[in-house]
Number of protein chains: 2
Amino acid sequence: MAGKLRTGQVAKAAGVNVETLRFYERRGILKEPHRRSSGYREYPPEAVRVVRFIKRAQELGFTLYEVEELLVLRENTDASCEQAKATATQKMEEIEEKIQSLRAMKKALGVLVKSCASKGSVRECPILDALDDKPTKRARS
Amino acid sequence: MAGKLRTGQVAKAAGVNVETLRFYERRGILKEPHRRSSGYREYPPEAVRVVRFIKRAQELGFTLYEVEELLVLRENTDASCEQAKATATQKMEEIEEKIQSLRAMKKALGVLVKSCASKGSVRECPILDALDDKPTKRARS
DNA sequence: ATGCACCCCGTACCTAGGTACGGAGTCAAC
DNA sequence: GTTGACTCCGTACCTAGGTACGGGGTGCAT
């Protein structure tokens with residue numbers, strides 16, 4: 001059950017093109033699927049989710065390398081547990097900082113919209129302030 | 001008060017290199033500063049904040065083009081207000097979706113860390129699920 | 001009035017992340 | 001058993017976002 005998928009099907013379902021799958025495979029971010037005797041790749045349905053994850057994570061500002069780290073965590077839950085835990089914890093912090101920045105940006109845009117809606121002009125636009133005390137390097141403790 | 005800055009100073013303060021400033025200027029994302037009679041650029045202190053904003057926004061997954069849109073909003077608060085409002089509102093939605101995705105990712109990592117801390121292995125890692133139903137169209141509140 | 005750091009500009013080059021090409025083999029429906 | 005869509009692989013090419021180079025001018029402290 002749960003048919004195996006071929007490259008074209010995975011690509012279409014995930015919204016990427018076939019060459020991208022091969023590219024990810026070469027990069028090691030997508031692991032090599034089983035092959036038929038003909039050489040055709042046969043992906044498990046999960047592959048689609050992996051690829052979608054990759055694309056979404058990229059939109060969130062993660063590099064392929066970082067995405068790979070995240071995916072490794074996924075498999076790696078028994079071996080080198082402490083290591084994995086440390087990585088995960090650190091990623092969580094990074095993610096939290098991104099969330100904070102995005103919240104600030106959203107808020108700043110909200111202010112713009114509102115001032116725009118009510119009256120004409122706003123001096124001192126808040127957008128720059130939004131990311132000004134950037135949590136970029138480390139959230140201040 | 002508040003001296004004008006030269007390229008090197010802005011670059012250093014913002015953590016980029018000088019060529020990057022020129023590159024942004026060519027791209028139109030950083031507007032051309034005043035020049036001395038010698039041809040030297042003189043930036044207002046705010047330029048540093050603009051550049052930092054650009055860098056941070058990129059880390060949040062925005063392209064330079066998108067960053068430009070955001071920066072344009074900043075200046076554009078009187079003219080074509082309705083237009084600006086629409087753009088801002090749409091960006092806010094996009095940002096909210098990113099926040100949702102990041103929250104989901106963070107939570108998934110939390111599960112990993114916990115399961116890792118307590119016992120050995122976890123089947124069915126939650127990371128993929130995190131972005132699986134990406135909030136692209138329907139953010140769950 | 002010289003030295004050294006800094007700036008100018010144009011142009012070439014680089015990395016990340018794909019995309020496209022093209023000749024050959026495979027699958028399945030007709 | 002042929003046809004048309006799909007897949008294989010290697011290699012070349014492309015876009016975004018910078019970086020580096022190099023020859024020449026500037027600023028200012030000594």
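A note on names: the letters A, B, ... follow the listed sequences, proteins ahead of strands, and every chain is numbered from 1.
- Contact between the side-chain N/O atoms of Gln9(B) and the OP1/OP2 oxygens of dC6(C) is not found at any separation under 4.0 Å.
- Every residue meeting the side chain to side chain donor-acceptor pair (under 3.5 Å) condition with Gln58(A), not counting sequence neighbours, appears here in chain and number order: Lys55(A).
- Across the protein-nucleic acid pair, Tyr65(A) atom OH and dG18(C) atom P stand 17 Å apart, rounded to whole Å.
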Legend entry - Base-contact (B) and sugar-phosphate-only (S) positions in nucleotides 19-30 of chain C, heavy-atom cut-off under 4.0 Å, - elsewhere: SBB---BBS---

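- Atom C1' of nucleotide dA16(D) and atom CG of Leu64(B) are separated by 8 Å, given to the nearest angstrom.
- Within the structure, every side-chain polar atom (N or O) of Arg41(B) is placed at least 4.0 Å from both OP1 and OP2 of dT26(D).
- One atom, CD of Glu68(B), and another, P of dA16(D), lie 13 Å apart when rounded to the nearest Å.
- Here Glu68(B) pairs with nothing under the salt bridge (Lys or Arg N to Asp or Glu O under 4.0 Å) rule; sequence neighbours left out.
- The side chain of Thr7(A) has dT7(D) as its nearest neighbour among dC8(C), dG18(C), dT7(D).
- No donor-acceptor distance shorter than 3.5 angstrom exists from the side chain of Lys91(A) to the backbone of Leu70(A), with no hydrogens or angles considered.
- Protein atom NZ of Lys4(B) is 16 Å distant from nucleotide atom P of dC7(C), rounded to whole Å.
- Between Glu32(B) atom CD and dC8(C) atom C1' the separation is 14 Å, expressed in whole Å.
- Residue Tyr24(B) has a polar side-chain atom (N or O) positioned under 4.0 Å from OP1 or OP2 of dG18(D).
- A search for side chain to side chain contact (heavy atoms under 4.5 Å, CB included) contacts involving Arg6(B) returns Gln9(B), Arg36(B), Tyr40(B), not counting sequence neighbours.
- Contacts of Lys31(A) classified as salt bridge (Lys or Arg N to Asp or Glu O under 4.0 Å), with partners at least two apart in sequence or in another chain: Glu75(A).
- Note: CD (Glu25(A)) to P (dG10(D)) measures 11 Å, nearest angstrom.
- For Arg27(B), there are no salt bridge (Lys or Arg N to Asp or Glu O under 4.0 Å) partners at least two apart in sequence or on another chain.
- When the P atom of dT15(D) is taken as reference, atom CZ of Arg27(B) falls 13 Å away, rounded to whole Å.
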